[in-house]
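These notes concern the structure reproduced below.
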Amino acid sequence: MTKIVILDAYGANPGDLSWDGLRELGELTVYERTRAEETVGRAAEADIVLTNKVVLGRREIEQLPRLRYIGVLATGYNVVDTVAAREHGVTVTNVPAYSTESVAQMVFAHLLTVTNRTEHYALQNRQGRWTASPDFCYWDTPLTELAGKTFGIVGLGNIGRRVAQIAQAFGMQVKALTSKRADELPAGVKKVELRELLATADVLSLHCPLTDTTRHLMNAQTLSLMKPTAILINTGRGPLVCDADVAEALQTGRLAAYCADVLIEEPPHSDNPLISLPNAYFTPHVAWATREARVRLLQVAIDNVRAFVEGSPQNVVCFDMPKKMD
């Protein structure tokens, strides 16, 4: 019987969803979390391994001769050495586009946190601030209207395009840095170069892949080109920004706010320079984690395994002469 192992099930499914679809396809072993030193031992007898954040690098793959398939429980698959997987005939799949709506929603949850400060006022009012007010209303933070502002986007994939649509619904002008041709862009989205994007954006949202070119895209130099009133949002990948440079920009007034669902190191160290800043807003890498998105994630992950077992792999990111299924 095909042996299936999930190395870190808890992140995608802390118990509110079901893995029964995988149990129909083989003998399933589920680990909530796996430390690096436990990976090879736990996957040693597996034909199929599913992972979210547990790394399956060359060292691990070379020690797993039974392994025929790696299913990544995410869209990004940088946790797998795809070169080593290809060399050893291991098929690798991912789950594309399952979180588009949820991540786009989080972008605007962060943006509205800065512009409307609902959490701030809700907390104050629980503490009696409004009941003690001599007036029918009060405000002690700037309140900002989005209509007419410029929303800049780096990367127009599935999420970037959805974010553009929502920004337009708010009445914002949308500009984008993208490899797509101008005539391929959604209506109303203007293609621009990086310098213009930085100089004109009131809000800048990052949705590009992490590559050697985009690593630390937002650094001291690029941040210096932005408006000091601008808001930077990162729901893409932590290393797209240089934490220290963003922290300095926030502290010196060269950037109004930084909103992020991702950081370079997760969980962050307590000495991360961004964590304690009042104009830095963080969620703990949960933009993708709505129940609706996780239901889609599990279903596609299960469908991926089923397709592989049946001999017609789908959502393949690495595929080269896989070992024959027993």
Side-chain angles (χ1 to χ4, degrees), residues 8 10-12 14 33 35-36 52-55 74 76 78-79 99 102-124 126-127 140-144 152 154-155 159 163 198 201-210 214-290:
D8 51 349
Y10 188 85
R33 301 172 182 86
R35 296 191 299 270
N52 189 328
K53 292 292 182 287
V54 176
V55 173
N78 56 301
V79 296
S99 65
S102 295
V103 175
Q105 180 176 308
M106 181 63 85
V107 169
F108 289 91
H110 270 294
L111 179 55
L112 293 171
T113 293
V114 177
T115 60
N116 292 72
R117 300 299 301 276
T118 51
E119 184 177 4
H120 164 77
Y121 290 109
L123 177 60
Q124 285 200 341
R126 287 192 206 103
Q127 297 170 346
D140 54 11
T141 68
L143 299 172
T144 304
V154 179
I159 296 173
V163 167
L198 295 171
D202 297 296
V203 181
L204 183 64
S205 193
L206 307 180
H207 300 287
C208 55
L210 178 62
T214 61
R215 184 177 297 274
H216 287 184
L217 175 68
M218 302 311 300
N219 54 50
Q221 180 181 1
T222 51
L223 289 164
S224 70
L225 300 176
M226 296 183 68
K227 298 178 181 181
T229 54
I231 300 166
L232 176 63
I233 303 175
N234 184 12
T235 57
R237 293 287 183 266
L240 294 174
V241 308
C242 174
D243 286 356
D245 290 354
V246 172
E248 183 178 359
L250 292 171
Q251 290 171 313
T252 58
R254 289 190 289 107
L255 183 67
Y258 178 51
C259 305
D261 186 58
V262 289
L263 286 172
I264 293 175
E265 207 155 3
E266 297 173 347
H269 288 301
S270 59
D271 61 354
N272 185 301
L274 287 167
I275 294 298
S276 60
L277 295 181
N279 50 347
Y281 304 83
F282 297 99
T283 45
H285 205 145
V286 294
W288 64 278
T290 62

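Each residue takes its place number in the sequence, starting with 1.
Within the 4.5 Å cutoff, no side-chain heavy atoms of L255 are placed close to those of N279. Side-chain contact between L250 and L274 is present, with at least one heavy-atom pair separated by less than 4.5 Å. For the pair E265 and N272, the minimum side-chain heavy-atom distance is 4.5 Å or more. Considering only heavy atoms from C-beta on, N234 comes within 4.5 Å of Y258 through its side chain. By the 4.5 Å heavy-atom criterion applied to side chains, M218 and V154 are not counted as neighbours. Counting heavy atoms from C-beta on, the side chains of L232 and L206 come closer than 4.5 Å. Counting heavy atoms from C-beta on, the side chains of T118 and L112 never come closer than 4.5 Å. With a 4.5 Å cut-off on side-chain heavy atoms, N78 and L210 do not count as touching.
Closest approach of A230 and A201 over heavy atoms only: CB-O, 3.7 Å. For the pair I233 and L111, the tightest heavy-atom approach, listed with the atom from each and the gap, is CD1-CB, 4.0 Å. The nearest pair of heavy atoms linking P228 to G253 is CB-O, 3.4 Å. Across all non-hydrogen atoms, the minimal contact from P209 to T214 is O-OG1, 2.7 Å. Nearest heavy atoms, Y281 versus A257: CE1-CB, 4.1 Å.
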Can you list the steps and then say if V262 with L240 is a side-chain contact (heavy atoms from CB on, under 4.5 Å)? CA-CA 10 Å; V262 289; L240 294 174; over 6 Å; no
Given R117 and D140, is the side-chain contact (heavy atoms from CB on, under 4.5 Å) satisfied, shown in steps? CA-CA 10 Å; R117 300 299 301 276; D140 54 11; over 6 Å; no
Assess whether side chain to side chain donor-acceptor pair (under 3.5 Å) is satisfied between T235 and D261, documenting all intermediate values. CA-CA 5 Å; T235 57; D261 186 58; over 6 Å; no
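Here L277 contributes atom CG and F282 contributes atom CZ; the two are 7.5 Å apart, rounded to the nearest 0.5 Å. In this structure, the separation between NE2 on H110 and CD1 on I231 is 12.0 Å, given to the nearest 0.5 Å. For the atom pair SG (C259) and CE (M106), the distance works out to 11.0 Å, reported to the nearest 0.5 Å. Taken to the nearest 0.5 Å, the CG atom of L143 stands 6.5 Å off from the CG atom of N116. Atom NZ of K53 is separated from atom CG of D8 by 8.0 Å, given to the nearest 0.5 angstrom. Distance check: E248 CD to C242 SG gives 9.5 Å after rounding to the nearest 0.5 Å.
Listed by chain and residue number, E37, E38 satisfy the salt bridge (charged side-chain N to carboxylate O under 4.0 Å, His left out) test with R35 (two or more places apart in sequence, or in another chain).
N219 places a side-chain N or O within 3.5 Å of a backbone atom of H216 that can act as its donor or acceptor partner.
In Q221, the CD atom is not crowded: 12 or fewer heavy atoms of neighbouring residues, nucleotides or ligands sit closer than 6.0 Å.
The stretch residues 217-237 participates, sequence neighbours left out, in these salt bridge (charged side-chain N to carboxylate O under 4.0 Å, His left out) pairs: D202-K227.
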